[in-house]
There are 2 protein chains.
Amino acid sequence: MAETAPEPTEDSVSLGVLSDLIGYRLRRASAVMASDFSRALEGTGIRQVLFGILSIVDANPGVNQGTVGRMLGIQRANMVAPVNEMAERGWIDRQTDPSDRRAFILSLTAAGETMFARALTQIRAHEANVLSDFDSRDRQHLVALLARIEAREG
Amino acid sequence: MAETAPEPTEDSVSLGVLSDLIGYRLRRASAVMASDFSRALEGTGIRQVLFGILSIVDANPGVNQGTVGRMLGIQRANMVAPVNEMAERGWIDRQTDPSDRRAFILSLTAAGETMFARALTQIRAHEANVLSDFDSRDRQHLVALLARIEAREG
DNA sequence: TATTGTTATACTCTATAACTATA
DNA sequence: TATAGTTATAGAGTATAACAATA
């Protein structure tokens, strides 16, 4: 028995080099946030992608649909289904751009504004909960570090 | 013209409340890393999930398959395909655990060790590239902040 | 010719339930 | 009865190519 390699038990298992990789850590932290987001917004019909679109349309009424996608890193083909979904739910008003009739300009309906405001309240509570041991300096520092990575997008 | 709301142009469009949300920032930063990872490892057949499994099996030869999944947040049903894939490629040796014949214990083959070492070199280069303006203090600080979020996993 | 939104399609990752063989 | 791995399946997110309408 002393000669055989010990079989790793649950507690003694290590991540190996993975624990030093920023890509892996980001992936896991992002998954934790996403999972708690889903739990917190359950039943509202709001998903991360939908909220992203609502936020940009709310802040920029009459914004071009393709522009919203580019801001979020969503290709135009993949914008169609979520925008349809929210138009059918009566959250988003989608109109042909009179100055370029190929394009759509988006804005929130009154119902969309209400949904957005409610979701934002729930999301702020969810973030406050997951990040309850983060003070405002921690949060700012984290956002700043993440922004430097986002800026490397290409 | 002075009365009509200006239509947002690409440059003037804002993310709205999204820019303050840690969940969104993590999602985008993680996507930037994932995208550059894919580009850097193109042609090797290595994906993020596969490398995660390789790293744990490398560090813990003879580790239980289900344990690997739990470490990575992958459910047992979703471990089958990637492990099959790497067993068929001859990277992973999968054997019945003699002390519990329901279970599999995993280790890397010589070919698997070679693939893992090569991939790690490429991944370190990819991380150094994306994080070229991060000094070691920045990296450590980021990992520490992310670890605090990971710890909130439920 | 180029661009906007669309459709169709495919692949990865993820989530759940039910099965088998062992324990 | 509980657990490990498996199978089947379905839902999201994402990627590419080709099309119609418009620029």
Side-chain angles (χ1 to χ4, degrees), chain A residues 7 9-10 23-24 27-28 30-39 41-42 45-53 62-88 92 94-106 153, chain B residues 7 9-10 23-24 27-28 30-39 41-42 45-53 62-88 92 94-106 153:
Chain A
E7 181 180 322
T9 62
E10 191 93 30
Y24 172 72
R27 189 176 150 84
R28 291 307 298 275
S30 183
V32 167
M33 289 297 293
S35 161
D36 193 75
F37 181 103
S38 294
R39 192 195 51 66
L41 277 289
E42 208 165 29
I46 299 269
R47 306 188 300 280
Q48 284 187 311
V49 170
L50 298 189
F51 185 80
I53 297 171
V63 68
N64 172 278
Q65 176 172 316
T67 300
V68 176
R70 278 189 294 278
M71 302 276 298
L72 293 169
I74 302 172
Q75 300 186 52
R76 46 182 212 292
N78 297 327
M79 281 292 289
V80 178
V83 171
N84 275 346
E85 190 178 335
M86 293 194 284
E88 282 159 21
I92 280 188
R94 176 177 42 185
Q95 298 202 0
T96 303
D97 182 344
S99 71
D100 180 349
R101 289 175 22 248
R102 295 171 303 184
F104 282 149
I105 54 178
L106 309 178
E153 176 141 38
Chain B
E7 182 180 320
T9 64
E10 192 92 27
Y24 172 73
R27 188 176 151 84
R28 290 307 297 275
S30 182
V32 167
M33 290 297 292
S35 162
D36 193 76
F37 181 104
S38 294
R39 193 196 50 68
L41 278 289
E42 207 165 29
I46 301 266
R47 306 187 300 279
Q48 284 186 311
V49 169
L50 299 188
F51 184 80
I53 297 170
V63 68
N64 172 279
Q65 175 172 317
T67 300
V68 176
R70 279 189 293 277
M71 301 277 297
L72 293 168
I74 302 173
Q75 299 187 50
R76 45 183 215 286
N78 298 325
M79 281 293 288
V80 178
V83 171
N84 275 346
E85 190 178 336
M86 293 194 284
E88 281 159 20
I92 280 190
R94 176 177 40 185
Q95 299 201 1
T96 302
D97 182 344
S99 73
D100 181 349
R101 292 177 18 252
R102 295 170 302 182
F104 282 148
I105 54 179
L106 308 178
E153 177 141 37

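These numbers come from a predicted model, not from an experiment. Letters go in sequence order (proteins before strands), and every chain restarts at 1. For the numbers below, each heavy atom of this structure counts, side chains included, while hydrogens, waters and symmetry mates do not.
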How bent is the helix from C/dT1-D/dA23 to C/dA23-D/dT1, measuring the angle between the end axes built from five pairs each, rounded to 10°? 0°
Calculate, to the nearest 0.5 Å, the distance between atoms [atom1] and [atom2] belonging to [X] and [Y] respectively.
X: A/Leu106; Y: A/Ile53; atom1: CG; atom2: CD1; answer: 8.5 Å
X: B/Ile105; Y: B/Thr67; atom1: CD1; atom2: OG1; answer: 11.5 Å
X: A/Gln48; Y: B/Tyr24; atom1: CD; atom2: OH; answer: 11.0 Å

Looking at A/Arg101, I'd like to know whether one of its side-chain N or O atoms comes within less than 4.0 Å of OP1 or OP2 on D/dA23. yes
Is the phosphate of D/dT14 approached by A/Gln75 (side-chain N or O, under 4.0 Å from OP1 or OP2)? no
Expressed as a whole number of angstroms, how long is the span from [X]:[atom1] to [N]:[atom2]?
X: B/Gln95; N: D/dG5; atom1: CD; atom2: P; answer: 14 Å
X: A/Glu85; N: D/dG13; atom1: CD; atom2: C1'; answer: 13 Å
X: A/Leu106; N: C/dT4; atom1: CG; atom2: C1'; answer: 12 Å
X: B/Glu153; N: C/dT14; atom1: CD; atom2: P; answer: 12 Å
X: B/Ile74; N: C/dC13; atom1: CD1; atom2: C1'; answer: 9 Å
X: A/Phe51; N: D/dG13; atom1: CZ; atom2: P; answer: 15 Å

Suppose we screen for side chain to side chain donor-acceptor pair (under 3.5 Å). Which residues come up paired with A/Gln65, at least two apart in sequence or across chains? none
Residue set satisfying side chain to side chain contact (heavy atoms under 4.5 Å, CB included) with B/Ser35, at least two apart, ordered chain then number -> none
Under the side chain to side chain contact (heavy atoms under 4.5 Å, CB included) test, residues paired with A/Ala31 that sit two or more places apart: none
Which atoms of nucleotides 5-12 of chain C (N or O only) lie under 3.5 Å from a protein N or O atom, and what are those distances?
residue : atom : partner  : partner atom : Å
C/dG5   : OP1  : A/Phe104 : N            : 3.1
C/dG5   : OP2  : A/Gly66  : N            : 3.0
C/dG5   : N7   : A/Arg76  : NE           : 2.8
C/dG5   : O6   : A/Arg76  : NH2          : 3.4
C/dT6   : OP2  : A/Gln65  : NE2          : 3.2

I'd like to check B/Arg27 versus A/Leu72 (side-chain heavy atoms, cut-off strictly below 4.5 Å). Are they in contact? no
Report yes if some heavy atom in the side chain of B/Asp97 is under 4.5 Å from a heavy atom in the side chain of B/Phe104; otherwise report no. no
Tell me, which pairs form a side chain to side chain donor-acceptor pair (under 3.5 Å) where one or both residues lie in residues 71-85 of chain B, sequence neighbours left out? B/Arg47-B/Glu85, B/Asn84-B/Arg94, B/Glu85-B/Arg89
